[in-house]
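Here the structure is laid out as structure tokens; the discussion comes afterwards.
As the structure is a prediction and not an experimental result, all values here were calculated from the model. Both counts, for ligands and for their atoms, begin at 1 and track the order of listing. Side-chain atoms are counted along with the backbone in the values below, which use heavy atoms only and exclude waters and symmetry mates.
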Amino acid sequence: MKNLVCVGSLLFFVSFISGCGPKESDIDRIQWFTMGTIAAVQSTDSDTLPKARDVSQTIYEAIEKRFSAWNDASELAVVNASAGNGKPCAVSDEFFTLATNAWAFCRASDGAFNPLVGSIMKVWGFNGAKTVLHLPTSEALEQAVALADWHKVVWTNQTVLLPDPGMKLDFGAIAKGYAVDVVFEKLRSAGYTNLLVDLGGNLRATGEAAPRRGGWRVGIRDPFKKYGILATFLLKPGEATATSGNYERFVTIEGQRYAHIMDARHAMPVRGMAGVTVVAPTALLADGLSTTLFVLGPNAGAKLLKNYPGCDAVWIPDASGKVILLATANMAKRINPIGKTDFTLSVVNP
Ligand code: AMP
Ligand code: MG
């Protein structure tokens with residue numbers, strides 16, 4: 001499969017939809033598994049791809065080593081293990097940088113984005129926690145809410161203090177976007193042009209997929225089908241996109257599926273939303289916002305986006321019947337339906 005590729009089950013790159021672009025066979029893609037997902041680099045200049053892959057993978061490995069919620073030796077795990085011991089825990093500059101970004105999303109969204117979501121993930125059986133057979137009790141949920149009180153965390157630029165035992169940082173909502181930006185900057189400054197970087201559907205591109213195309217055409221996945229896209233939009237040079245979906249990771253408890261994005265105010269998985277795709281000037285912004293907007297939903301989400309210039313979003317509610325796309329005005333203008341896809345597109349005004 002060379003050119004229409006399912007990336008991390010989130011977004012599809014679709015270069016076959018083109019007025020004047022290269023033929024399907026002109027764009028090459030190398031993909032591999034890393035950071036728990038599929039990574040890829042794509043370009044019409046296939047000779048450059050092996051090196052781009054190596055550069056990317058070195059960066060992904062280093063970032064995973066620091067921020068993995070699964071690896072007991074990661075810096076994140078060491079910090080989380082210090083919770084409740086009363087002593088500030090030393091953190092690296094990179095850790096502090098990512099945490100600063102996480103706290104910015106958290107404050108901006110009044111805790112809809114919550115980097116202390118780790119204890120809630122555990123209660124629901126995510127991130128390597130024991131499989132949960134029965135719904136968590138109200139006491140367990142209350143305790144998880146208390147452990148997600150991000151106001152209590154004390155940061156200096158070299159240390160963090162997690163005051164309560166059991167508090168857990170989790171940067172799963174932004175680490176991949178951050179990683180894509182690091183790779184993007186590295187490859188761009190090394191002279192790569194017309195290259196698409198993809199980490200599990202977190203995409204950022206230099207240049208364009210073909211002369212005069214004006215960017216890279218990407219597809220919004222149909223969250224109700226295993227494969228298939230609903231629509232496409234053009235990712236302009238330098239722009240990034242990310243998708244949060246309820247179909248990516250989930251647990252099944254007592255016959256019901258619960259997805260991995262939490263409303264930390266109630267320690268409950270968000271219901272009613274199938275997917276949110278964000279376009280932003282950086283992959284970190286796209287990733288952080290896609291999770292935040294998944295929790296907030298379209299009305300509060302569109303209001304929040306007023307504070308983020310250059311960022312737009314489309315929400316797909318989890319409902320039966322005809323698929324509904326709710327998009328900010330700019331996003332609605334960019335969305336192109338494809339083939340026989342059948343959905344309703346409405347604009348959400350802030
Ligand atoms: P994404 O796929 O980028 O939306 O990130 C989802 C991941 O972010 C989850 O697997 C958790 O690790 C983490 N997460 C879940 N809920 C939240 C939340 N409300 N705020 C911040 N991170 C979250
Ligand atoms: Mg995210």
Side-chain angles (χ1 to χ4, degrees), residues 7-11 35-38 64 67-71 74 76-77 80 98-99 101-129 141 144-145 147-150 153 167-181 198-204 221 223 240-251 258-271 273-280 282-297 300-301 304 308 311 313 315-316:
V7 280
S9 76
L10 305 171
L11 280 163
M35 291 181 77
T37 190
I38 297 168
E64 181 166 36
F67 297 111
S68 171
W70 302 80
N71 173 359
S74 69
L76 181 82
N80 284 342
L98 197 66
N101 281 289
W103 249 258
F105 286 119
C106 185
R107 275 192 294 269
S109 66
D110 205 13
F113 182 103
N114 187 334
L116 261 193
V117 76
S119 59
I120 301 173
M121 299 302 285
K122 188 172 166 206
V123 164
W124 288 90
F126 288 99
N127 295 352
L141 294 178
V145 169
L147 289 175
D149 186 351
W150 52 278
V153 178
M167 278 183 160
K168 277 187 196 307
L169 292 169
D170 176 335
F171 295 132
I174 47 169
K176 291 191 182 76
Y178 168 73
V180 166
D181 282 340
D198 170 6
L199 181 60
N202 293 275
L203 310 182
R204 195 164 174 199
R221 176 179 160 165
T241 182
T243 294
S244 292
N246 70 352
Y247 45 84
E248 290 165 352
R249 287 173 70 203
F250 52 84
V251 289
Y258 296 91
H260 66 135
I261 301 175
M262 302 290 162
D263 183 338
R265 295 160 289 195
H266 310 288
M268 289 294 291
V270 173
R271 311 298 296 261
M273 194 53 66
V276 178
T277 295
V278 172
V279 178
T282 68
L284 177 81
L285 265 176
D287 196 5
L289 284 173
S290 71
T291 312
T292 308
L293 300 182
F294 192 97
V295 180
L296 286 179
L304 182 83
Y308 291 91
C311 297
W315 290 259
I316 308 178

Below 3.5 angstrom, do we get any N/O pair linking Asp287 and ligand 1?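 So ligand 1 has an N or O lying under 3.5 Å from an N or O of Asp287.
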Is any N or O atom of Asn114, backbone or side chain, closer than 3.5 Å to an N or O atom of ligand 1?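 For ligand 1, there is an N or O atom that lies under 3.5 Å from one belonging to Asn114.
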Would you check if there is a donor-acceptor pair between the side chains of Ser74 and Ser68 at a distance under 3.5 Å?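 Checked: Ser68/Ser74 side chains show no N/O donor-acceptor pair below 3.5 Å.
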Reference residue Phe113; test side-chain contact (heavy atoms from CB on, under 4.5 Å); the match among Leu293, Thr292, Leu289, Ile261: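 Exactly one candidate clears the test, Thr292.
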Close-contact set for ligand 1 against [X] heavy atoms, below 4.0 Å:
X      : result
Ser244 : 1 (P), 3 (O), 4 (O)
Arg249 : 10 (O)
Ala112 : 18 (C), 19 (N), 20 (N)
Val117 : 14 (N), 16 (N), 17 (C), 22 (N), 23 (C)
Met262 : 15 (C), 16 (N), 18 (C), 19 (N)

Does [X] reach the main-chain N or O of [Y] with its side chain, forming a donor-acceptor pair under 3.5 Å?
X      : Y      : result
Thr241 : Val278 : yes
Asn202 : Ala242 : no
Thr243 : Thr277 : no
Asn114 : Ala264 : no
Asp181 : Ala283 : yes

Judged on heavy-atom distance to atom 12 (O) of ligand 1, which of Asp170, Thr291, Asp263 sits nearest?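 Comparing heavy atoms across Asp170, Thr291, Asp263, the nearest one to atom 12 (O) of ligand 1 lies in Asp170.
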Option of least heavy-atom distance to atom 13 (C) of ligand 1 (set: Ala173, Pro115, Gly177, Ser109):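 Among Ala173, Pro115, Gly177, Ser109, the closest heavy atom to atom 13 (C) of ligand 1 comes from Ala173.
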How long is the span from the OH atom in Tyr247 to the CZ atom in Arg221, to the nearest 0.5 Å?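 One finds 5.5 Å between OH of Tyr247 and CZ of Arg221.
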If the contact criterion is a heavy-atom separation under 4.0 Å, does Phe294 count as touching ligand 1?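 Contact check Phe294 vs ligand 1: negative.
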Write out the residue and atom name of the closest protein heavy atom to atom 15 (C) of ligand 1, then the distance separating them to 0.1 Å.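 Checking every protein heavy atom, the shortest distance to atom 15 (C) of ligand 1 gives His260 O, 3.2 Å.
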Heavy-atom pair with the smallest gap, counting every atom of Leu285 and Ala280: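 Heavy atoms of Leu285 and Ala280 come nearest at CB-CB, 3.8 Å.
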Heavy-atom neighbours of Asp110 CG exceed 12 at 6.0 Å: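 At most 12 heavy atoms, drawn from other residues, nucleotides or ligands, come within 6.0 Å of this atom.
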Where does the angle between the aromatic ring planes of His260 and Phe126 fall among parallel (under 30°), tilted (30 to 60°) and perpendicular (over 60°)?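 Plane angle between 30° and 60°, so tilted.
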Could you count the protein N, O or S atoms found under 2.8 Å away from the Mg ion (ligand 2)?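 Protein N, O or S neighbours of the Mg ion (ligand 2) under 2.8 Å, waters not counted, come to 4.
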